[in-house]
Each structure stands twice: as structure tokens, then as C-alpha cells.
2 protein chains.
Amino acid sequence: MNYSISEENYIKAIYHLQGESGTVTTNALAEKLSTKAASVTDMMKKLSAKKLLNYKPYYGFTLSTEGKKVALFIIRRHRLWEFFLSQKLGFDWEEVHQLAEELEHVSNKVLIDRLDEFLGFPPFDPHGDPIPDSKGRIASRNNLPLSLLPKNKPGIVCQVTNQSAEMLELLKHKSIGIGTKLEVRKHFPFDQSLELKIKKQIVTISEQLAKNIFVTYDENAN
Amino acid sequence: MNYSISEENYIKAIYHLQGESGTVTTNALAEKLSTKAASVTDMMKKLSAKKLLNYKPYYGFTLSTEGKKVALFIIRRHRLWEFFLSQKLGFDWEEVHQLAEELEHVSNKVLIDRLDEFLGFPPFDPHGDPIPDSKGRIASRNNLPLSLLPKNKPGIVCQVTNQSAEMLELLKHKSIGIGTKLEVRKHFPFDQSLELKIKKQIVTISEQLAKNIFVTYDENAN
DNA sequence: TTTAAAATTTAGACAAATCTAAAAAATGAC
DNA sequence: GTCATTTTTTAGATTTGTCTAAATTTTAAA
């Protein structure tokens, strides 16, 4: 039930690479972890022996059910620390990832659950990625680009796909961030620009921006 | 400037063992770290090569000036995390030490400085031990047992030497904790019991309890 | 002051995680 | 379908931190 930092980094990397059950290759994993293929093979044998992987030599690997569970808990820790660093210590979005890489390996379950509680059980990290709950479940969400949000339906910003400094500057200026509640009020077909209501303010944004902002939206609400 | 977890644990242990410049022996350190004397000798050679130690074979070792500096930063991280765990996440005094043992090795300086700020630059950890500041300085303090605090002089609880569950229960009941401001109002020679003023309340405590509570006190105040 | 006991260091081995170089297997171009 | 290329695995070495057992040094008792 306890894994080394190295093992955890491999598990997490496989999780991210395999996405929705695709198979991960040795070279892809080596690249992702900035290591060599031979090292990957060694570790795969080890994780395989621990039943965290489905591994067939020469044919890549996927996480076992248990492996996925472990990955979700590592990701939970990572994203909670990211939220903490951003929300409580005031770090910028770009800075939190690197710092959380270290903190995520502190794995005491009670500590993480208390941290979660302290932060108010946030469903998304500062990048808008969902945070698994204490049972490893990820909030299923109705996630769509702001450009497709129906008119006059409240949405909550949950993800921003482009994280360039320019984009962040613009978002800041418009008071849009993860968790911001908004509604589309008008849609101008001429340039696909949108008028939004954000906290009783009317704000205009371009199509380009709207495409990069994702919102959760409850079809039954309102 | 960056040390492994193992190196950090040795440095910290030496710091605690050497106290005010005493020399530390191989066996004492092995005992403290639950390891073997041979392992200690190996590590001492390594730390010595890195100029963190004054080491004369067969005659023990002390931290160099640089070594002490490193130790103080490790201790700073440990105690800040202890404070965080206790104050923000609601862990008990007895629990925080073990958890902080892991967190202390996350060593990004900016992270720790921001944590310090977030916590309000606490001068003492939940056990009452002083927290080195961002330059590695420890608050010099006028530290004495509550039983010796002059009458009507405000003191601040900074350390509790007995940490038994029974003692903690009693302290909780009397609303006494690290940081609590109090004054001695009466001293009864019959049983050496004390009457204190704590937040406008009058509280009675036994001699035994008073001897285990340490306070900082500013001779010039009031 | 000699010598037995205790403390410390050295020597050699091992596990984890990594690497390079070589061998083996799979792939795809013809 | 064969064969060169690419991918993956194996073999053997290295580093870090640890260990046991043996050798060395210090200490303290007679």
C-alpha cells in the first residue's frame, strides 16, 4: 500500500498517458519521465509484480484496476496541494504544478482528507482539472466550452485550456477564474463575441477567448 | 545547497544531540536514527566532505557553521508544518510531529516563506519550540516556568514540557495553549497553587501543572 | 602499564533506481 | 514474405544508503 517516490511518478505518468484505456509504450513513458527505455522496463517489471500493471513484454502496459486507484490518490494529493498553494499561499497557476510535484508524495491519508476539508472540498484544481474525492471518485461533469453554453443558463468556469501569460492577463482583467459563475446574455453572430453576466456586471469576450474557457453547466438548473 | 532526505535527517539529529556545542558520538547518533554505527560513519564522511561537519575520526563530530545553518532551515520547515497541521488542519499536538517529518523535506524556500506568512509568522510551534525565521534566526526568549513568573506580569505560554494525554486534557479544560496570554494573580504558599488571569477569567492551577508550563515574559513590559 | 571491553571504522555485500551497450522482438518498406 | 529499422528487453555497471562481520582505536579496570 506504500510506494516509493519513483514508483509513484511512474504510476502517475502512465495514468496521464493512457487516458481512456489506451496502451502506453516504453518509449513514450521514458520520454515523459525524462529517463531511458531500459529504466522503464525495469520499473514496469516491478510494478507488474505488485499487480499495478497489465504488462505484456514488447506490447506496452496499462494500469490495472488497483493501479488506477493508486494513480487517482496520487493525483488527488497533487491537485489538493495545487489548490492550497494557489488559494492559500497566493502562488500563480504556473508555479503550483512544480511545487505540488514534491508535496504529492507525502501520502498520509488522514492528512490529505483534512487538507481537503480545510480547503472546502474543492472539486477542481487551479488548472480546472477535477480533484478525486477521498474515495478516489472524480466528479463527473458536464463540461463544455463557454462558446457553447446555452443563453441564460448559469455556468461555472472549471477549466482554461490555454495558459499563456497573455491569456491569464486577459482573464484577470475580466475577473474570470476557476469557479467564476457566469451566464451568456448575448451572442453576436457577426464575430461570435459574447456578452456575459458576471456578478451583476456585463462583460464582453471574443470568440477566441470563449473557446478556451470551459464551464460546468447543470441542464436542470434554473 | 540541496541535500537528500537521508542527509537532512542526519543533520537534524546531530543538531538536536549536540545542543549547545557538545560533541556527538557515533553510537548516540546511530541510536537516535535507529540505524547502525557503520552507517553513521559512512554518512559522516559524506557530510564531512560537504563541509557540514567538524569530524575527527574516533572523536565524534559537531556541525560546522554551515551545517548549523542547514539544520536551522530544516527545523524551520518542520516546525512551520507542525504549526500548520495543528492550527489549520486541527491535528493534535502528538500527531503533528510524525506528519511534519515527511513535509519538512519539501525544501523550496519561497514555499516555506509563503507558508510562514500565511501562518502569521508564528514564533513557536505547537510544542512551544521556537521557529527559526527566514534568515535562520531563532527568537531569543525569556523563557521560564509559569511557577516563577512574577505576579501581575503578562506572560505568553510558549512551551509545555509534559505532553501526556492527561496533561493535554487538563490544559484544554483550562483553555491554556501555546500562545495563551496570562498573568499570575495570586500565589498560595500552602500548596504552591496559582490563580491566573486568562482572558478576563480567573483560573486556578496546581504547582505540578505550573512547573510544566513555560512562558515568555518581557521584563520591560507593563 | 598492560589488557579486556567498548566504541568506531573499514571491508565487503546488498537493494533500489538508474545508466550504457548489446541482444532480441516487432514493424513496415519493398 | 524478407530484411532493415525501430522498439523493447537483457546484461552488466554505477550511485546512494544501508547492513554484517572483522579490524582498529580508545577507554578504563586491575
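Here is the naming used below: chain letters follow the sequence lines, and residue numbers restart at 1 for every chain.
- Atom OH of A:Tyr55 is separated from atom P of C:dA25 by 13 Å (rounded to the nearest Å).
- A search for salt bridge (Lys or Arg N to Asp or Glu O under 4.0 Å) contacts involving A:Lys69 returns A:Glu66, not counting sequence neighbours.
- Side-chain nitrogen and oxygen atoms of A:Asn27 include at least one within less than 4.0 Å of the OP1 or OP2 phosphate oxygen of D:dT8.
- Judged by distance alone, with hydrogens and angles left aside, the side-chain atoms of B:Arg76 form a donor-acceptor pair with the main-chain N or O of B:Pro132 at under 3.5 Å.
- For D:dT16, the OP1/OP2 oxygens have no side-chain nitrogen or oxygen of B:Ser6 closer than 4.0 Å.
- In this structure, B:Phe124 has its ring center no closer than 6.0 Å to that of B:Phe214.
- Remark: C1' of C:dT18 and CG of A:Asn9 are 14 Å apart, rounded to the nearest angstrom.
- If you check every strand for non-hydrogen atoms under 4.0 Å, A:Phe61 touches nothing.
- The shortest heavy-atom contact between A:Leu111 and A:Val106 is CD2-CG1, 3.7 Å.
- Taking the charged nitrogens against the carboxylate oxygens, A:Lys12 and A:Glu104 do have a contact shorter than 4.0 Å, which makes a salt bridge.
- Not one side-chain nitrogen or oxygen of B:Thr25 sits closer than 4.0 Å to the OP1 or OP2 atom of C:dA7.
- The OH atom of A:Tyr59 sits 17 Å away from the P atom of C:dA24 (whole-angstrom rounding).
- Screening residues 23-41 of chain B for salt bridge (charged side-chain N to carboxylate O under 4.0 Å, His left out) gives no qualifying pairs among residues at least two apart or on separate chains.
- The stretch residues 30-44 of chain B comes close to DNA chain C through B:Ala37, B:Ala38, B:Thr41, each having a heavy atom under 4.0 Å from the strand.
- Rounded to an integer number of Å, the gap from B:Leu47 CG to D:dT16 P is 13 Å.
- The nearest heavy atom of DNA chain C to A:Glu7 and to B:Lys45 marks one nucleotide each, and the one closer to the 5' end goes with B:Lys45.
- With rounding to whole Å, A:Lys56 atom NZ is found 12 Å from C:dA25 atom C1'.
- Spacing between atom OH of A:Tyr58 and atom C1' of D:dT7 amounts to 9 Å, rounded to whole angstrom units.
- A:Lys88 forms no cation-pi arrangement with A:Phe84, by the criterion of a distance under 6.0 Å to the ring centre and an angle within 45° of the ring axis.
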